[in-house]
Amino acid sequence: SMERYGHLNLDEEVRSRLLQMSASTIDRLLSPARKQAKGKQRKRNTPKKASKQIPVRTFSDWQDSLPGELEIDFVEHCGSTTSGVFIHSLVGADVCSGWTEPVPLLAREQTLVAEGLDVMCESFPVPVISLNPDNNSAFINDTLVDYCKRRNLKFTRSRPYKKNDQAWVEQKNGAVIRRFVGYDRFSGVVAARLFTKLYRVLRLYVNYFQPSFKLLEKTRDGAKVTKRYSKPMTPADRLLEHPMVSEEDKEALRTERSRLDPIELLHRIRETQAALAALSTPGNNNRPRGKDLDEFLGKLSILWREGEVRPTHRKANDTPRYWRTRPDPFEDVWPEVLYWLGEEPDATAKSLFERLTIKYPGKFQTGQLRTLQRRVKEWRCVMAHELVFACNEPEDDLVPTCQ
């Protein structure tokens, strides 16, 4: 302000020019002096986001995978709604061998995920060297980044909305977890204990006694895709044949497999599944009676004929539907169609539909031809039934009368 610095000896011309300058012009002219007076500002060290610290690994980067490189994912046991708290299964799948390790969690929380990974790494038969999750917020955070740095694990992630980047663990989610647990809703400490009991047996049964194929190569010749698979092997057999697995780990695998009985493991799995099925049923808190091993073995010989239904599977609705979900488009013209069929029994449904579209333009759509074909097929079945069985019925004028 000129009133504030009026004691300075300034010419009248300079004084008048300063009074005519705007505030923005003065700020622009004084900016070099202000920068020199303030000096060089120090940059703030802003922390990077966890997603920026984790490199991306796509499906094409798993060609030469080593034992111990895991893909991890969640399986939600929420039933038909994701509201509230429910049990999550933390699943780790070894890309090289197919070895699967599931761990139940009471809720999806990053500290619980770290504890579940500790259990998974201790149960794995070879040292874990890397983890590859999806972009779930329970995985992509500073807690998991620090966890991998502390345990010297390579931490990568898949691309968002690209399920093929995690094809191996996604396949195990359906073939192992959903196959043995189902799709019901489970929550609470009691259900978590049953999950723990089931997974302790399930990991042994699947990894030691359930062989599977593994894709070796895939070639494309134009539109034709040729895939070549290895012979069916269990995950334990693949680890035993891999040259990067140490002899100590191989000997531990052989020792544990020698003391296991697959029939007994399957029996224990069925018992736990029955308890889970009773726990997930509303209003049924009674645990079902467990079968002894002899009774279970006695029924194995006939299960292949009857078809075994696991206790945790959904009950199929075999009741046929007898009601219509949409109005019948041919209700008004069906008597006319029957008249045409009476005159020409060999007429096709397509020719009848063309006659209807000509007679009633704009009333029928092309997609309704299939409906008319089903109706005509049902009519022909009824007429054929009457023609066949009407001949076997006695007629009054052909039956001889007693004299």
Side-chain angles (χ1 to χ4, degrees), residues 57 59-75 89-103 120-121 123-126 128-134 158 163-183 198-219 225-245 249-250 252-254 256-258 260-270 272-273 300 303-304 307-308 310 312-313:
R57 192 170 188 176
F59 65 92
S60 60
D61 300 328
W62 292 100
Q63 301 299 328
D64 300 323
S65 59
L66 299 175
E69 293 185 336
L70 306 185
E71 287 187 343
I72 57 178
D73 194 15
F74 276 129
V75 176
S89 290
L90 176 62
V91 185
D94 183 28
V95 178
C96 178
S97 63
W99 189 283
T100 307
E101 287 287 346
V103 178
M120 185 181 298
C121 293
S123 303
F124 210 77
V126 296
V128 178
I129 59 178
S130 71
L131 298 176
N132 186 86
D134 56 10
S158 62
K163 289 293 185 180
N164 283 345
D165 290 349
Q166 281 204 309
W168 290 268
V169 70
E170 293 288 350
Q171 192 271 338
K172 297 300 180 182
N173 290 345
V176 178
I177 305 301
R178 292 302 187 189
R179 177 188 174 194
F180 287 91
V181 179
Y183 293 84
L198 175 64
Y199 287 163
R200 285 176 182 173
V201 185
L202 182 61
R203 61 177 295 272
L204 300 176
Y205 179 75
V206 171
N207 294 322
Y208 283 100
F209 301 105
Q210 290 294 295
S212 60
F213 289 96
K214 186 175 178 62
L215 181 65
L216 293 180
E217 64 177 3
K218 181 171 63 174
T219 58
V225 178
T226 303
K227 298 180 181 180
R228 189 170 66 89
Y229 296 88
S230 64
K231 64 178 181 179
M233 298 175 64
T234 63
D237 291 333
R238 290 194 179 97
L239 290 176
L240 289 173
E241 289 189 359
H242 203 281
M244 298 300 294
V245 180
D249 295 334
K250 291 182 179 180
L253 285 170
R254 296 189 189 99
E256 187 171 17
R257 184 171 60 180
S258 63
L260 295 177
D261 183 4
I263 302 299
E264 183 181 357
L265 292 175
L266 183 60
H267 171 59
R268 292 166 60 184
I269 288 173
R270 292 295 181 261
T272 313
Q273 284 178 329
L300 282 180
L303 285 179
W304 67 274
E308 183 187 17
R310 298 180 180 90
T312 53
H313 275 197

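As a basis for the values below, the full set of heavy atoms in this structure was taken, side chains included, without hydrogen atoms, waters or symmetry mates. Note that the coordinates shown come from a computational prediction; the quantities given were computed from them, not determined experimentally.
- In this structure, OH on Y199 lies 14.5 Å from CG on L204, to the nearest 0.5 angstrom.
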Next item on the list: Kindly determine whether Y229 and E217 satisfy side chain to side chain contact (heavy atoms under 4.5 Å, CB included), including the steps that lead there.
Entry: CA-CA 7 Å; Y229 296 88; E217 64 177 3; over 6 Å; no

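- Counting only heavy atoms from C-beta outward, the side chains of V245 and L240 never approach each other to under 4.5 Å.
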Check: R257 and D237: side chain to side chain contact (heavy atoms under 4.5 Å, CB included), yes or no, with the steps?
Finding: CA-CA 10 Å; R257 184 171 60 180; D237 291 333; 2.6 Å; yes

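- In this structure, the separation between CZ on F124 and CG on L239 is 6.5 Å, given to the nearest 0.5 Å.
- Atom OH of Y205 and atom CG of L266 lie 4.5 Å apart (nearest 0.5 Å).
- Smallest separation of non-hydrogen atoms from F213 and R238: C-NH2, 3.6 Å.
- Using a distance-only test at 3.5 Å, with no hydrogens or angles considered, a donor-acceptor pair links the side chain of N207 to the main chain of T100.
- Taken to the nearest 0.5 Å, the OG atom of S158 stands 8.0 Å off from the NZ atom of K163.
- At least one side-chain heavy atom of P102 sits less than 4.5 Å from a side-chain heavy atom of I177.
- Within the 4.5 Å cutoff, side-chain heavy atoms of F74 are placed close to those of L90.
- Panel note: side chain K172, backbone E101; no donor-acceptor pair is recorded below 3.5 Å.
- Closest approach of V95 to S65, counting heavy atoms only: CG1-OG, 3.8 Å.
- Between S97 and H242, every side-chain heavy-atom pair lies at or beyond the 4.5 Å cut-off.
- By the 30° and 60° cut-offs, the orientation of the rings of W62 relative to W168 is tilted.
- In this structure, the side chain of Q166 engages the main chain of I72 through a donor-acceptor pair within 3.5 Å.
- Remark: side-chain polar atoms of K218 are not paired, donor with acceptor, to backbone N or O of K227 under 3.5 angstrom.
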Check: Do M120 and V128 pass the side chain to side chain contact (heavy atoms under 4.5 Å, CB included) test, and can you show the C-alpha distance, the side-chain angles, and the key distance before you say yes or no?
Finding: CA-CA 9 Å; M120 185 181 298; V128 178; over 6 Å; no

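- The shortest distance between side-chain heavy atoms of E256 and P125 does not fall below 4.5 Å.
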Note to self: As a quick check of understanding, evaluate side chain to side chain contact (heavy atoms under 4.5 Å, CB included) for W99 and V126, giving each step before the final call.
What the structure shows: CA-CA 10 Å; W99 189 283; V126 296; over 6 Å; no

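- Here the side chain of D165 pairs a donor or acceptor atom with the backbone of F59 at under 3.5 angstrom.
- Summarising the geometry, atom CZ belonging to R57 is positioned 4.5 Å from atom CD belonging to E69; distances are rounded to the nearest 0.5 Å.
- With values rounded to the nearest 0.5 angstrom, S130 atom OG is found 8.5 Å from L66 atom CG.
- Residues forming a side chain to side chain contact (heavy atoms under 4.5 Å, CB included) with V201 (at least two apart in sequence, or on another chain): L265, R268, I269.
- A donor-acceptor pair is defined here as one N or O able to donate and one able to accept, closer than 3.5 Å; such a pair exists between the side chain of D94 and the backbone of G68.
- Counting non-hydrogen atoms of other residues, nucleotides and ligands closer than 6.0 Å to CZ of R254 gives a total above 12.
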